[in-house]
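A quick write-up on the structure given underneath.
Both counts, for ligands and for their atoms, begin at 1 and track the order of listing. Since this is a predicted model, take the numbers as computed values, not measurements. Any value given below was found using the heavy atoms of this structure, including those in side chains, with hydrogens, waters and symmetry copies removed.
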Amino acid sequence: MGTDLHELLRSLRVWDPAVTALPPLDPAGAPGDPLELFTRWFAEAAEAGEREPHTMSLATSDAEGLPDARVVMLHGADADGWAFATHAGSRKGRHLDARPYAALVFYWPVLGRQVRLRGPVAAAPAEEALADLHARSTGALAAALTGRQSAELGSTDELARASEAAWERAGREPDAPAPSWTLYRLRPDEVEFFQGEARRRHVRLVYRRTRDDGWDRRLLWP
Ligand SMILES: Cc1cc2nc3c(=O)[nH]c(=O)nc-3n(C[C@H](O)[C@H](O)[C@H](O)COP(=O)(O)O)c2cc1C
């Protein structure tokens with residue numbers, strides 16, 4: 001028999017002191033702009049050994065308001081927003097077309113940290129998406145060229161054939177266009193920083209965008 005799920009769940013720990021550090025977060029000393037704190041936390045996560053700090057969960061909702069979530073890569077973060085790329089015709093692409101608003105979540109367990117963002121999402125100009133894609137790996141281009149993301153697949157052989165052709169083209173034509181590949185930016189109107197604390201006095205510091213594009217900072221009960 002396989003391992004019992006519930007037994008295994010009971011045996012697991014969150015923030016094992018052997019592998020996790022829980023740095024204090026002093027809200028009074030936090031910067032005025034969440035981008036600055038995000039950039040600092042991102043660097044600290046990478047430095048602390050978080051292997052893939054640039055993976056994040058992206059939540060969208062369909063035309064009826066029903067939610068969905070999946071993992072995507074962070075392509076950048078600046079005053080224009082947090083960037084990710086995907087196919088416009090994928091499920092998430094269709095969601096964003098119907099409801100251009102989304103949420104992102106990062107979890108960096110090595111420091112007991114979570115960052116949540118919510119805000120409107122806009123597609124960047126096509127040239128920008130293409131430049132972003134062409135600056136990435138041959139594999140990224142091949143995946144973008146394979147296309148049809150989220151459509152039903154008849155068989156793995158069908159994928160193998162399409163992918164083989166896409167890899168071959170990506171190698172031969174590194175500037176190949178991938179028309180449905182789209183760069184999106186989420187411009188947050190809310191960013192929450194969660195710092196875990198050993199006695200469960202977790203700090204939740206939330207930044208809310210003000211009318212004049214400044215930031216209001218609040219604490220939330222954990
Ligand atoms: C670590 C990781 C990174 C991923 N990065 C991306 C990405 O940057 N863009 C993307 O379209 N899909 C990415 N995916 C695949 C998505 O999770 C998802 O399967 C795909 O985009 C289809 O989602 P959808 O049907 O909701 O549109 C990634 C998956 C994993 C596990």
Practice problem: Apply salt bridge (charged side-chain N to carboxylate O under 4.0 Å, His left out) to Arg99 and list each qualifying residue two or more places apart in sequence or on a separate chain. | Solution: none
Quiz prompt | Of Asp62, Thr60, Asp68, the residue whose pairing with His95 passes side-chain hydrogen bond (donor to acceptor under 3.5 Å, both in side chains) | solution = Thr60
Quiz item: Does any non-hydrogen side-chain atom of His202 lie less than 4.5 Å from one of Phe194?
Solution: yes
Quiz prompt | Test ring pair (Phe, Tyr, Trp, His ring centres under 6.0 Å) applied to Phe106 - qualifying residues, sequence neighbours left out | solution = Phe38, Trp108
Practice problem: Using a strict cut-off of under 4.0 Å between a residue heavy atom and any atom of ligand 1, list the qualifying protein residues by chain and number. | Solution: Thr55, Arg70, Val71, Val72, Met73, Ala85, Thr86, Ser90, Arg91, Lys92, Gln149, Ser150
Quiz item: Is there a donor-acceptor contact under 3.5 Å from the side chain of Arg217 to the main chain of Ala30?
Solution: yes
Practice problem: List for me each residue that meets side-chain contact (heavy atoms from CB on, under 4.5 Å) alongside Pro120, sequence neighbours excluded, and say none if there are none. | Solution: Tyr101, Asp189
